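For reference, the structure is listed below as structure tokens.
In this text, all values refer to a predicted model and were calculated from it rather than measured experimentally. Counting from 1, the numbers follow the sequence of the chain as shown.
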Amino acid sequence: MNELEPEMIEVDGVKIAVRHRDGSAPGVMWLGGYKSDMRGTKAQVLHEWGIQNGVMVTRHDYSGHGESGGDFEEGTISRWLNESLAVFHRFTAGSQILVGSSMGAWIALRMVQELVKAGQANRLAGLLLIAPAPDFTSELIEPRLTDEQRRILEEKGKLEQPSQYSDQPYVYTKALIDDGRNNRVLDGIIDTHCPVHILQGMADPDVPYRHALRLLEHLPKDDVTLTLIRDGDHRLSRPQDLSLMIKALTALREVSLGRTP
């Protein structure tokens with residue numbers, strides 16, 4: 001699918017690539033995963049769905065990702081959160097459904113906390129979290145590190161691990177892991193002020209489905225739906241997975257419209 005060039009905005013001295021299409025609210029804001037970009041399968045499907053239904057859709061690449069500037073190894077949750085909030089305030093209008101995939105779900109949950117803190121809970125129409133990986137640095141990476149890997153991380157400031165999704169290894173920096181501790185969300189109640197739908201594959205090798213169950217324990221105040229996909233992997237990009245994503249998104253939007261006076 002051919003697309004126009006992205007619009008570039010500067011956030012903390014780095015050019016961030018954004019693709020935004022106007023449409024009706026509640027709109028949809030896409031938040032991608034670690035080392036993914038806004039031209040991936042799920043993001044493109046959301047974009048096309050927005051066109052077909054006249055819905056506002058906003059996508060962007062974090063610094064060091066996709067078409068944005070910046071060095072990937074300088075990225076942290078705090079930095080990518082700040083960029084996402086900047087895009088949210090600059091491009092979106094009215095209420096929004098945040099769609100976060102893997103690490104993007106963590107970013108979405110932190111955005112919720114920051115928006116609520118700023119008195120903007122009314123901007124939240126819903127959350128769709130796909131294979132959510134909140135606190136993945138402290139919950140999923142650190143516990144698995146060997147003594148040798150910890151030594152390398154301390155001495156070199158980064159650790160490289162093979163990736164089943166790319167020829168290039170995953171790089172985890174000490175800065176990312178240290179900053180992750182300051183952005184933990186699984187240490188108290190997360191009050192989203194909006195309905196939440198979680199899609200989680202039970203055959204996910206990267207984020208165990210029990211991690212999604214644990215997230216549920218921290219979302220006791222709001223309407224939360226969890227869909228477990230028995231043979232689903234981490235990407236959840238098969239046709240049947242994409243169909244579930246659109247079905248969940250449509251339901252969240254209908255609930256939001258039903259609540260509108």
Side-chain angles (χ1 to χ4, degrees), residues 1-9 15-70 72 75 80 83-84 86-88 90-93 96-108 111 125-133 163-168 170 197-201 204 206-207 227 229 232-254:
M1 178 180 177
N2 293 324
E3 289 189 284
L4 296 175
E5 290 298 307
E7 183 169 348
M8 308 298 288
I9 64 168
K15 297 290 186 180
I16 301 300
V18 183
R19 283 189 167 87
H20 170 83
R21 71 168 307 278
D22 288 329
S24 62
V28 175
M29 181 170 179
W30 169 256
L31 297 153
Y34 193 70
K35 293 202 78 173
S36 68
D37 61 66
M38 62 174 159
R39 303 187 79 175
T41 302
K42 292 188 291 293
Q44 291 282 46
V45 167
L46 286 181
H47 171 71
E48 292 162 12
W49 173 85
I51 292 175
Q52 294 166 4
N53 294 276
V55 177
M56 180 191 314
V57 176
T58 307
R59 300 172 288 157
H60 71 289
D61 286 332
Y62 312 121
S63 58
H65 290 68
E67 297 164 284
S68 289
F72 174 79
W80 296 328
E83 293 162 1
S84 300
V87 171
F88 181 91
R90 170 77 176 271
F91 288 90
T92 72
Q96 299 291 312
I97 297 171
L98 304 182
V99 182
S101 175
S102 192
M103 182 189 76
W106 186 3
I107 301 289
M111 285 181 68
L127 284 180
L128 176 53
L129 308 179
I130 304 167
S163 168
Q164 62 177 310
Y165 306 113
S166 170
D167 293 335
Q168 299 297 316
Y170 269 5
H197 197 136
I198 299 170
L199 299 178
Q200 175 67 50
D204 186 337
D206 300 307
V207 180
T227 299
I229 304 159
D233 60 9
H234 186 61
R235 286 187 166 183
L236 292 180
S237 291
R238 301 170 304 174
Q240 61 266 41
D241 302 326
L242 299 171
S243 177
L244 270 177
M245 177 182 74
I246 293 301
K247 183 178 179 181
L249 179 60
T250 300
L252 283 170
R253 199 163 185 273
E254 288 175 353

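Side-chain N or O atoms of Asp37 include none that pairs as donor or acceptor with a backbone N or O of Asp61 at under 3.5 Å. Proximity of a side-chain donor or acceptor of Asp204 to a complementary backbone N or O of Asp206 within less than 3.5 Å is detected. At least one donor-acceptor pair under 3.5 Å links the side chain of Gln200 to the backbone N or O of Val207. For the pair His65 (side chain) and Ser63 (backbone), a donor-acceptor distance under 3.5 Å is present.
At a threshold of 4.5 Å between non-hydrogen side-chain atoms, the residues Met111 and Met29 count as touching. Here the side chains of Arg19 and Val57 are not in contact, with every heavy-atom distance at 4.5 Å or above. Side-chain contact check for Met245 versus Leu236: every heavy-atom pair is 4.5 Å or farther apart. Contact of the Trp30 side chain with the Leu98 side chain is not registered, since no non-hydrogen atoms from C-beta on lie closer than 4.5 Å. Between Trp49 and Val28, the closest side-chain pair of non-hydrogen atoms falls below 4.5 Å. Counting heavy atoms from C-beta on, the side chains of Met8 and Ile16 never come closer than 4.5 Å. Between Ser24 and Val55 the shortest side-chain heavy-atom distance falls below 4.5 Å. Contact of the Thr58 side chain with the Val87 side chain is registered, since non-hydrogen atoms from C-beta on lie closer than 4.5 Å.
Atom-to-atom distance recorded for Lys42:NZ and Leu46:CG is 9.5 Å, nearest 0.5 angstrom. The distance from the CG atom of Leu127 to the CG atom of Leu31 is 9.5 Å, given to the nearest 0.5 Å. Between the CD atom of Glu48 and the CZ atom of Arg21 there is a distance of 11.5 Å, given to the nearest 0.5 Å. Between Leu242 atom CG and Leu199 atom CG the span is 10.5 Å, to the nearest 0.5 Å.
With sequence neighbours excluded, the residues that form a side-chain contact (heavy atoms from CB on, under 4.5 Å) with Ala248 are Leu128, His197. Taking the side-chain hydrogen bond (donor to acceptor under 3.5 Å, both in side chains) definition, one finds that Thr92 meets it with Arg123, sequence neighbours left out. Taking Ser68 as the reference, nothing meets the side-chain hydrogen bond (donor to acceptor under 3.5 Å, both in side chains) condition, with sequence neighbours excluded. The side-chain contact (heavy atoms from CB on, under 4.5 Å) search around Ser243 returns none, not counting sequence neighbours. Scanning for salt bridge (charged side-chain N to carboxylate O under 4.0 Å, His left out) contacts around Lys15 gives Glu10, with sequence neighbours left out. With sequence neighbours excluded, no residue forms a side-chain hydrogen bond (donor to acceptor under 3.5 Å, both in side chains) with Gln96. For Asp241, the salt bridge (charged side-chain N to carboxylate O under 4.0 Å, His left out) partners are Arg238, not counting sequence neighbours. Judged as a side-chain contact (heavy atoms from CB on, under 4.5 Å), and not counting sequence neighbours, the contacts of Asp22 are His20. In terms of the side-chain contact (heavy atoms from CB on, under 4.5 Å) criterion, residue partners of Arg90 (sequence neighbours excluded) are, by chain and number, Glu7, Ile9. Shown here are the side-chain hydrogen bond (donor to acceptor under 3.5 Å, both in side chains) partners of Thr250, two or more places apart in sequence or in another chain: there are none.
Ser102 and His234 form a side-chain donor-acceptor contact under 3.5 Å, judged by distance and modelled atom types alone.
Scanning all heavy atoms of the two residues, the minimum distance from Ala25 to Ala93 falls at CB-O, 4.3 Å.
Annotation: Tyr34 is not in aromatic contact with Tyr62 [ring centroid separation under 6.0 Å not met].
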